[in-house]
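Protein chains get the first letters and strands the later ones, always in sequence-line order, with residue 1 at the start of each. Values in this document were obtained by computation on a predicted structure and should not be read as measured data.
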Number of protein chains: 2
Amino acid sequence: MTTGKGRKDLPTMMDVARTAGVSKSTVSRAFTQPGMLGAETVARILEIASSIGYVPNHTARALSTGRYGNVALVVPDVANPFFPPLIRAAQMEADRSDFCVFLGNSDESWRQEDKLVDRFLSQVEGLVLCASRLTDERIRAHALKRPLVLVNRDVPGIPRVLIDSAIGVHEAIAHLAELGHKHIVYVSGPASSWSNQQRRAAVRLGARQHRLDVSIVAARVPSYESGRAVVPDILATGATAAIAFDDLTAQGIMTGLADRGVSVPADFSVVGCDDVLGAATYPSLTTVSNRSDETGRAAMSLLLDMLGSRAVGDARVTLDTYLVVRNTTAPPPATRS
Amino acid sequence: MTTGKGRKDLPTMMDVARTAGVSKSTVSRAFTQPGMLGAETVARILEIASSIGYVPNHTARALSTGRYGNVALVVPDVANPFFPPLIRAAQMEADRSDFCVFLGNSDESWRQEDKLVDRFLSQVEGLVLCASRLTDERIRAHALKRPLVLVNRDVPGIPRVLIDSAIGVHEAIAHLAELGHKHIVYVSGPASSWSNQQRRAAVRLGARQHRLDVSIVAARVPSYESGRAVVPDILATGATAAIAFDDLTAQGIMTGLADRGVSVPADFSVVGCDDVLGAATYPSLTTVSNRSDETGRAAMSLLLDMLGSRAVGDARVTLDTYLVVRNTTAPPPATRS
DNA sequence: GATTGACGTGCAACCGGTTGCATTCGATAG
DNA sequence: CTATCGAATGCAACCGGTTGCACGTCAATC
């Protein structure tokens, strides 16, 4: 009655061999090098195998060949909407090559991440670390043991895939400048984030080129709440438009503005980053889109290339971003009428 | 220069044994049954081990013990916002017991799901299948080989964790009735979905109890777009409030209503399901919340219990839902002064 | 002083595959 | 008729651990 247990006794290669009247080796070869065997032998073995529900044991195979057929993917927070599309794409890419993927959630902690990597090391052929919290040193140490690909983390010598926000941010600034804005504000994310640093720099540069004033307001963590919380600071700058570190922050800002009777985009323009919300906000959010799915796919693909012994050298893939104009940007109030 | 390769040669147990001047077995025991060895022997071995960077090989251990230390988690779509919190919670729960988790994305296809399960079988101790697309028969077959827990899928005899929307939906209806609504509409999701069937039934029952008229409008797939698309149908029913299959659909409906100049909640009330958007919409969405994270935790916990040989019998865990009132519900226009 | 037992450790088989090498056998060549 | 060769298959070692059992040592017991 109990449903527990029932494990272990999966049929083994010996079971197949015995009922087929051949040796273990032959069964093995029937699966791995059918060409080496007689055609009808192979057919018979496969037939028997599937009839008794035999599936080669991944673990045993891995032990003897060293080819685990597994890879690991580690992210800081599965629930952060930026990651699911990335995870999904990486997943499917690995699947195309019949790899199984371990998922690790570092919970924003380098200790946890280090623990996970160690746990994974002995059963994967390679790993992808997203926005890793580890030190360069630890990353290099791990990369010595197994092929490693980084996402949004730039460590020279380690293959990495980076989302280059510069282009999209420049487009956003050009867009705002064209609408007539003269003073904008960048609402920054975590100081330690590579992406944040890059975006802030891009805003500064872009603003200079378009002769816009730029203020910086710090939202400690990237979230809806913190976006909502910094609205007073934003309004205090006198700016007429904001570029937020990410969409969640932008959305919080929109709510905060609405609470104060500031209408978007009539009175104030808002631009997000990451495009994780699609057109789902109201008004729908103008944002810098970055194809996080493509990022995941590229990283996994790069890793698989390394596993295929195709040397990738000091790969540094960057992915472009682009502005998606929706309905939260408009000319500043002063320009009207 | 190339960063590829560098795999394999992780230090082995023999390496440690050799430099420690002991046998393989002793090293093994130093890790698994330290109490059986001399205290200083253990200390020395562990010291040497960490100094040469030795970590026990998960795969080899699994092969000889049959305890893989891995579990698999399969979902139809990682990118569906309902799943990430669930995945995250299941992840962390497994981690507490030092289990690694494989993530599988069935891509809404039973073939893909079946393939993944077979791939996982030989390297996991058990698996959690979320909203499985497999037939009862296949599920039972797999459950024979490895402990299996289902989420939002009700197969008698197989342990399962189900989100019971009934309570939350009833609360929602009571809430709408109290506000003075007389005619509501349920915007349904996929016909094949267990959750959808349950929610629709709950709406029907609740409406009867509160003597409300209820119409059903079908949104084929649960998405922002389809929600937006069915707005004309919704308005055609003459209802003054809608309960949507999920939050994405609800959000699409809100946008569709706004496009037509129908103001929420002044002219029309909207209630979502799943609470995946938090308070991030504007106006913030009243919704039936369901703690998908707790669902993931419970399912993984149940699986681990089974692995611990604690028989769980024909477990059928149901999780309650509850209404979260935010700003998309208000009295119907007619009721107002 | 011999017996007993606890303790610490080594030996070797085993988990379920893979693979280099040896073996068998029929066919073709000489 | 025999030497040769290639195709098909078996043997056994190995991957890196785990674990039942045997062995040796030393102290407590009679």
Side-chain angles (χ1 to χ4, degrees), chain A residues 7-46 48-49 52-70 118-119 121-125 145-146, chain B residues 7-46 48-49 52-70 118-119 121-125 145-146:
Chain A
R7 19 196 144 155
K8 289 178 185 152
D9 51 343
L10 302 186
T12 123
M13 193 163 260
M14 266 306 283
D15 295 330
V16 179
R18 202 169 298 123
T19 81
V22 298
S23 76
K24 240 180 22 171
S25 333
T26 303
V27 178
S28 173
R29 290 192 253 260
F31 282 90
T32 58
Q33 330 179 27
M36 185 185 281
L37 266 44
E40 75 295 340
T41 308
V42 173
R44 185 162 44 93
I45 291 180
L46 293 182
I48 293 180
I52 69 178
Y54 168 76
V55 178
N57 185 311
H58 213 100
T59 303
R61 189 202 302 264
L63 185 57
S64 64
T65 61
R67 301 202 324 278
Y68 295 82
N70 299 328
D118 267 336
R119 237 216 268 312
L121 267 183
S122 62
Q123 47 182 344
V124 302
E125 288 180 53
K145 306 186 190 166
R146 290 280 189 266
Chain B
R7 17 197 146 155
K8 288 178 186 149
D9 51 343
L10 301 186
T12 122
M13 192 163 261
M14 265 307 281
D15 296 329
V16 179
R18 203 170 297 124
T19 82
V22 298
S23 77
K24 240 181 20 170
S25 333
T26 303
V27 178
S28 173
R29 290 193 252 259
F31 282 89
T32 58
Q33 330 180 27
M36 185 185 280
L37 267 44
E40 76 294 341
T41 308
V42 173
R44 185 162 46 93
I45 291 179
L46 293 182
I48 292 180
I52 69 178
Y54 168 77
V55 178
N57 186 310
H58 212 100
T59 304
R61 189 202 301 267
L63 185 56
S64 65
T65 61
R67 302 203 324 278
Y68 295 82
N70 298 328
D118 268 336
R119 237 214 269 312
L121 268 182
S122 63
Q123 46 183 345
V124 302
E125 289 180 53
K145 306 186 189 165
R146 289 281 190 265

Does the side chain of I52(A) reach to within under 4.5 Å of the side chain of V16(A), using non-hydrogen atoms?
-> yes
Spatial distance of atom CD (Q123(A)) from atom NE2 (H58(A)) [nearest 0.5 Å] = 10.0 Å
Quick one: CZ on R61(B) to OG on S28(B), what's the gap to the nearest 0.5 Å?
-> 7.5 Å
Do the non-hydrogen side-chain atoms of L121(B) and V55(A) ever get within less than 4.5 Å of each other?
-> no
Under the side chain to side chain contact (heavy atoms under 4.5 Å, CB included) criterion, do V27(B) and V22(B) qualify, and how do the steps go?
-> CA-CA 7 Å; V27(B) 178; V22(B) 298; 3.9 Å; yes
Distance col, row M13(A):CE vs D15(A):CG, nearest 0.5 angstrom, shows 11.0 Å
How many angstroms lie between CZ in R18(A) and CD1 in I48(A), if you round to the nearest 0.5 Å?
-> 12.5 Å
How would you label the contact of S122(A) with the nucleic acid (heavy atoms, under 4.0 Å): base, sugar-phosphate, or nothing?
-> nothing
Bend of the helix from dG1(C)-dC30(D) to dA27(C)-dT4(D) from end-axis comparison, five pairs per end, nearest 10°, comes to 60°
In numerical order, the residues of residues 53-60 of chain A whose heavy atoms come under 4.0 Å of DNA chain C are Y54(A), N57(A), A60(A)
Classify every nucleotide of nucleotides 5-11 of chain C by which part a protein heavy atom approaches to under 4.0 Å, writing B for the base, S for the sugar-phosphate alone and - for neither, in 5'-to-3' order.
-> ---SBBB
Among all residues two or more places apart in sequence or in another chain, which pass the side chain to side chain donor-acceptor pair (under 3.5 Å) test with R29(B)?
-> none
Relative to the 5' end of DNA chain D, which residue comes earlier, R67(B) or S64(A), by the nucleotide with the nearest heavy atom?
-> S64(A)
Give me the first and last nucleotide of DNA chain D, going 5' to 3', that has any atom under 4.0 Å from a heavy atom of chain A.
-> dA8(D) to dG16(D)
Out of curiosity, L63(A) CG to Y68(A) OH, how far, rounded to the nearest 0.5 Å?
-> 7.0 Å
State, with a plain yes or no, whether a side-chain heavy atom of L46(A) is found less than 4.5 Å away from one of F31(A).
-> yes
Set of salt bridge (charged side-chain N to carboxylate O under 4.0 Å, His left out) partners for R44(A), sequence neighbours left out = none
Taking the side chain as every heavy atom from C-beta outward, state whether L37(A) and T26(A) have any pair of such atoms under 4.5 Å apart.
-> yes
Check whether any side-chain N or O of T59(B) sits under 3.5 Å from a backbone N or O of S122(A) as a donor-acceptor pair, and report yes or no.
-> yes
Could you tell me whether T12(B) contacts a base, only the sugar-phosphate backbone, or nothing, with contacts defined as non-hydrogen atoms closer than 4.0 Å?
-> sugar-phosphate
